[in-house]
Amino acid sequence: MMIQIVKFDIKTEYIEQFKILLDDDKQGSKNEAGLLEMRLYQDKKSPNLFFAYERFENQAAVDHHSAQAYTKRLLEALAVMCNSAPEVMPLNETTPAPLYEKNPKSANAQDELFIIFFIFKIKPQYREQLLTQFEHHITQTRSQEEGNILFDLYTIEGQDDTLAVYEHWRKESDVWDIHFNQPYAVETGKLMHQAVVGDLEQYMNFVTEL
């Protein structure tokens, strides 16, 4: 499986047009057998920032997707619409959750979903310690917390100084009031303050699914 996050920084005047092209790409891709999952998000605080989370069967599926007319229209428009080139992050699997549609934990109708991309820079000497701590952290979060729907950690190909966390919660208070008070989250937090380059908040993107 090939997994990637793509981050887009769109000029304000093109935001609505970009969203239309994104939706066209998503709708067209539903007929692609090799595209296992595509989910699209817009940042709540910085509406010019967008994220795509994608899972493909293999490189051939990626190439097939890139060759489709709806994808080409999107890619060609980016030259005009983007403030900077899209950031493509190929992800290395750690312990990824099941495909969204097959996840045994799903949102309820009353849930006010709280979704986070937390892509952060780390000091190299802490990398293995962080990966070990997150393995425990993720296991406990998934099994113990009813408010958690999805919690994934990824390393990024070619970027040993960067980790990516991708989270879905039933509501925002499940994160701040419950999750961060769990013993394993407290331990992770202590390590993060030592290991992360700069302030943690600068790396947090709270997003709405499109």
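Residues Y184 and Q133 share a closest heavy-atom pair of O-NE2, 3.3 Å. V88 approaches V6 most closely through the heavy-atom pair CG2-CG1, 4.2 Å. Annotation for A107 and L113: closest pair CB-CD2, 3.8 Å, computed over non-hydrogen atoms. Taking each heavy atom of V80 and K11 in turn, the nearest pair found is O-NZ, 3.1 Å. When every heavy atom of F120 is checked against every heavy atom of V196, the shortest pair comes out as CD1-CG2, 3.8 Å. The shortest non-hydrogen separation linking E145 to I178 is OE1-CG2, 4.2 Å.
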Can R55 and M2 be said to form a side-chain contact (heavy atoms from CB on, under 4.5 Å), step by step? CA-CA 6 Å; R55 297 204 213 190; M2 300 192 68; over 6 Å; no
Between L49 and N205, is a side-chain contact (heavy atoms from CB on, under 4.5 Å) present by the stated rule, with each step listed? CA-CA 9 Å; L49 296 181; N205 294 98; 3.9 Å; yes
Can you list the steps and then say if E209 with L40 is a side-chain contact (heavy atoms from CB on, under 4.5 Å)? CA-CA 6 Å; E209 187 164 11; L40 306 172; 6.0 Å; no
Hey, mind stepping through F56 and L36 against side-chain contact (heavy atoms from CB on, under 4.5 Å) and telling me if it holds? CA-CA 5 Å; F56 296 88; L36 304 176; 5.9 Å; no
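Residue T188 is tested with H136, H137, H193 for a side chain to side chain donor-acceptor pair (under 3.5 Å); the sole match is H137.
Interatomic distance, CD1 of I119 versus CD1 of I156, reported as 6.0 Å (0.5 Å rounding). For the atom pair CD (E16) and CD1 (I10), the distance works out to 12.0 Å, reported to the nearest 0.5 Å. Distance check: Q17 CD to L21 CG gives 6.0 Å after rounding to the nearest 0.5 Å. Distance OG1/T141 to CD1/I138: 7.5 Å, rounded to 0.5 Å. Remark: N148 CG to S143 OG distance equals 9.5 Å, nearest 0.5 Å. In this structure, CE in M81 is found 13.5 Å from CG in D9, a value given to the nearest 0.5 Å.
No side-chain donor-acceptor contact under 3.5 Å links Q68 to the backbone of H65. Put simply, the side chain of D111 gets close to the backbone of N108: a donor and an acceptor are under 3.5 Å apart. Side chain of S46 to main chain of D43: no donor-acceptor pair is present (N/O by atom type, distance under 3.5 Å, no hydrogens or angles). Side-chain atoms of Y14 never come within 3.5 Å of backbone atoms of L78 as a donor-acceptor pair (strictly under, hydrogens ignored). Side-chain atoms of R170 never come within 3.5 Å of backbone atoms of I149 as a donor-acceptor pair (strictly under, hydrogens ignored). Remark: the backbone N or O of G28 is paired with a side-chain donor or acceptor of Y70 at under 3.5 angstrom.
V186 places none of its side-chain heavy atoms less than 4.5 Å from the side chain of Q182. For the pair K7/M89, a side-chain contact is recorded, criterion being any heavy-atom separation below 4.5 Å from C-beta on. With contacts defined as side-chain heavy-atom distances shorter than 4.5 Å, the pair D161/V197 does not qualify. Contact of the Q42 side chain with the K19 side chain is registered, since non-hydrogen atoms from C-beta on lie closer than 4.5 Å. Contact check for F151 versus K105: no side-chain heavy atoms found under the 4.5 Å cut-off. In this structure, the side chains of D63 and Q59 come closer than 4.5 Å at one or more pairs of heavy atoms.
Between the side chains of K121 and T162, a donor-acceptor pair is found at a separation under 3.5 Å. Between the side chains of D25 and T71, at least one donor-acceptor pair of N or O atoms lies under 3.5 Å. Of the N and O atoms on the side chains of H64 and E32, not one donor lies less than 3.5 Å from an acceptor on the other residue.
Around CD of Q159, the count of heavy atoms belonging to other residues, nucleotides or ligands within 6.0 Å exceeds 12. Summarising the local packing, NZ of K72 is surrounded by 12 or fewer heavy atoms from other residues, nucleotides or ligands at distances under 6.0 Å. Residue E146 qualifies as open at atom CD: its count of foreign heavy atoms under 6.0 Å is 12 or below. The number of heavy-atom neighbours closer than 6.0 Å to CD of Q125, taken from other residues, nucleotides and ligands shown, is above 12.
Every residue two or more places apart in sequence or in another chain that forms a ring pair (Phe, Tyr, Trp, His ring centres under 6.0 Å) with F117 is listed here: Y41, F51, Y166.
With respect to the salt-bridge test (charged N to carboxylate O, under 4.0 angstrom), the residues K171 and D174 qualify. A salt bridge links D152 with R142: at least one charged nitrogen is closer than 4.0 Å to a carboxylate oxygen.
Note on ring orientation: taking the six-membered ring where Trp is involved, the planes of F206 and W176 are perpendicular (angle over 60°, cut-offs 30° and 60°).
The distance between the ring centers of F114 and H179 does not fall below 6.0 angstrom.
Residues F50 and I116 do not share a hydrophobic cluster, defined by chaining ILVMFWY side chains whose heavy atoms lie under 4.5 Å apart. When hydrophobic clusters are built by joining Ile, Leu, Val, Met, Phe, Trp and Tyr residues whose side-chain heavy atoms come closer than 4.5 Å, directly or via intermediates, I20 is not grouped with L75. A chain of hydrophobic side-chain contacts below 4.5 Å, direct or via other Ile, Leu, Val, Met, Phe, Trp or Tyr residues, connects L91 to I115. The hydrophobic clustering, which links ILVMFWY residues whose side-chain heavy atoms are closer than 4.5 Å, places L74 and L35 together. A continuous path of ILVMFWY side-chain contacts below 4.5 Å connects L200 to I122, so both sit in one hydrophobic cluster.
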